[in-house]
Amino acid sequence: MNFDKYITNVPDFPLPGIQFKDITTLIQDGDAFSEAINEMAEFAKSVGANMIMGPESRGFIFGCPVAVKLGIGFVPLRKPGKLPRETITESYDLEYGTNSLEIHKDSLKPGDKVVIIDDILATGGTILAGIKLAERLGAKVVGVCELIELTKLNGKDKFKDIPLKTLIKYDID
């Protein structure tokens, strides 16, 4: 399926000069959303995932239905202070500053095989933080799946040895 035709380009959002890729038009179309979930699930199954991990919040949109489709668990990567039990935290760099993600300390077990699913791969900082969190709990990230990849930002260079599946690639910053 040509998923690109379901993405709306919004010029100058959130700042002048930025061409925002709006995914809401894809998830509003039942057939396109379903096909995207199917392709992500096929990838996760092909790499042997037994857990799906997704960053807040759009990783939840894609990761949860993939986990349900495969009959496996979902681990939310949350912003600090959002999870009620004991957590571990990983900070990562943004273009201007830093951010952090947390998971429950008991959310993964040694030997779990994890696929991280999100909406867009840009610089790779979010994914790298997820990989580090999984590894700290003894799990192995066996794949990364993204709806969109901004190829010029080279985010996949942060996790070169992990298989990457993207449904749409844009050669833009």
Side-chain angles (χ1 to χ4, degrees), residues 1-44 46-47 49 52-70 74-80 82 90-102 114-134 141-160 162-173:
M1 176 177 276
N2 178 10
F3 294 106
D4 178 54
K5 72 180 187 178
Y6 296 96
I7 303 298
T8 301
N9 291 307
V10 182
D12 299 321
F13 182 82
L15 299 168
I18 294 177
Q19 179 82 345
F20 186 80
K21 301 296 186 187
D22 183 8
I23 67 160
T24 60
T25 44
L26 182 137
I27 62 177
Q28 290 167 352
D29 185 288
D31 290 336
F33 187 37
S34 180
E35 186 57 31
I37 296 305
N38 287 340
E39 287 197 27
M40 290 177 172
E42 285 175 23
F43 171 74
S46 77
V47 295
I52 301 295
M53 180 184 280
E56 187 172 334
S57 67
R58 290 173 297 224
F60 297 5
I61 293 170
F62 293 96
C64 285
V66 168
V68 169
K69 185 168 188 64
L70 296 176
F74 177 81
V75 176
L77 283 164
R78 299 292 317 259
K79 294 178 179 148
K82 301 286 185 177
E90 187 69 39
S91 296
Y92 60 99
D93 292 327
L94 299 168
E95 192 172 355
Y96 302 104
T98 61
N99 208 344
S100 297
L101 291 172
E102 295 182 338
V114 179
V115 167
I116 302 175
I117 297 179
D118 204 3
D119 68 324
I120 190 162
L121 174 60
T123 63
T126 303
I127 297 301
L128 185 58
I131 292 167
K132 288 179 179 180
L133 286 166
V141 175
V142 295
V144 173
C145 190
E146 302 278 350
L147 177 67
I148 295 170
E149 179 186 2
L150 303 179
T151 58
K152 279 190 177 179
L153 297 178
N154 299 314
K156 67 182 173 187
D157 289 351
K158 287 194 169 71
F159 53 94
K160 292 178 186 175
I162 298 173
L164 170 65
K165 165 82 173 178
T166 55
L167 304 186
I168 306 167
K169 292 182 181 187
Y170 294 114
D171 192 29
I172 58 173
D173 297 339

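In what follows, residues are counted from 1 in the order of the sequence shown. None of these values were measured; they are calculated from a predicted model. The figures here come from the full heavy-atom set of this structure, side chains too, leaving out hydrogens, waters and symmetry mates.
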Separation between CD1 (Ile172) and NZ (Lys152), nearest 0.5 Å, reads 9.0 Å
Would you compute the distance between atom OG of Ser57 and atom CG of Asp118 and round it to the nearest 0.5 angstrom? 9.0 Å
Please report the interatomic distance OG(Ser100) to CD(Glu90), rounded to the nearest 0.5 Å. 8.5 Å
Heavy-atom distance under 4.5 Å between the side chains of Thr25 and Asp29, does that happen here? no
Audit row: Asp119, Ile61, side-chain contact (heavy atoms from CB on, under 4.5 Å) steps and yes/no: CA-CA 8 Å; Asp119 68 324; Ile61 293 170; over 6 Å; no
Taking all non-hydrogen atoms of both residues, which atom of Gly130 and which atom of Ile116 are closest, and how far apart? C-CD1, 3.8 Å
Value for CG (Asn99) from OH (Tyr92), rounded to nearest 0.5 Å, stands at 4.0 Å
If the condition is ring pair (Phe, Tyr, Trp, His ring centres under 6.0 Å), which residues does Phe159 pass it with, not counting sequence neighbours? none
For the pair Ser46 (side chain) and Phe43 (backbone), establish whether a donor and an acceptor sit closer than 3.5 Å, ignoring hydrogens and angles. yes
Going by the rule ring pair (Phe, Tyr, Trp, His ring centres under 6.0 Å), which residues pair with Phe33 if we only count those two or more places apart in sequence or in a different chain? Phe62
For side chain to side chain donor-acceptor pair (under 3.5 Å), just list the numbers for Thr98 and Ser91, CA-CA rounded to whole Å, side-chain angles, deciding distance to a tenth of an Å, and then say yes or no. CA-CA 7 Å; Thr98 61; Ser91 296; 5.8 Å; no
Minimum side-chain heavy-atom gap Val115-Pro163 below 4.5 Å: no
Determine, stepwise, if the pair Val68 / Phe74 fulfils side-chain contact (heavy atoms from CB on, under 4.5 Å). CA-CA 8 Å; Val68 169; Phe74 177 81; over 6 Å; no
On a heavy-atom basis, the closest approach of Phe60 and Gly54 is CE1-O, 3.2 Å
Interatomic distance, CD@Glu56 vs CG@Leu77, rounded to 0.5 Å, equals 9.5 Å
With Ile7 as reference, evaluate Ile23, Thr24, Asp22 under the side chain to side chain contact (heavy atoms under 4.5 Å, CB included) test and give the passing residue. Ile23
Could you check whether any side-chain N or O of Asn9 sits under 3.5 Å from a backbone N or O of Lys21, counting only pairs where one atom can act as donor and the other as acceptor? no
Quick one: pull up CG in Leu26 and CG in Asp4 and give me the separation to the nearest 0.5 Å. 10.0 Å
Single hit among Val114, Val75, Leu101 for side chain to side chain contact (heavy atoms under 4.5 Å, CB included) with Leu133: Leu101
When every non-hydrogen atom of Val66 is compared with those of Ala41, the smallest separation belongs to CG1-CA, 3.8 Å
Could you pull out every donor-acceptor pair under 3.5 Å between side chains of residues 142-150 and any protein atom, sequence neighbours left out?
| residue | atom | partner | partner atom | Å |
| --- | --- | --- | --- | --- |
| Glu146 | OE1 | Ile120 | N | 3.1 |
| Glu146 | OE1 | Leu121 | N | 3.4 |

Flag for Lys69-Asn38: side-chain donor and acceptor within less than 3.5 Å: yes
Close side-chain approach of Met1 and Leu167, heavy atoms under 4.5 Å: no
Minimum heavy-atom separation for Thr151 and Lys169, please, with both atom names. CG2-CB, 4.0 Å
Heavy-atom check, side chain of Lys158 versus side chain of Ile131, under 4.5 Å: no
All heavy atoms of Ile37 vs all of Pro65, minimum pair found to be CD1-CG, 3.7 Å
Would you check if Glu39 and Phe3 make a side-chain contact, meaning some heavy-atom pair closer than 4.5 Å? yes
Closest non-hydrogen atoms of Asp12 and Gly17, given as atom of the first, atom of the second and distance, are OD1-N, 2.7 Å
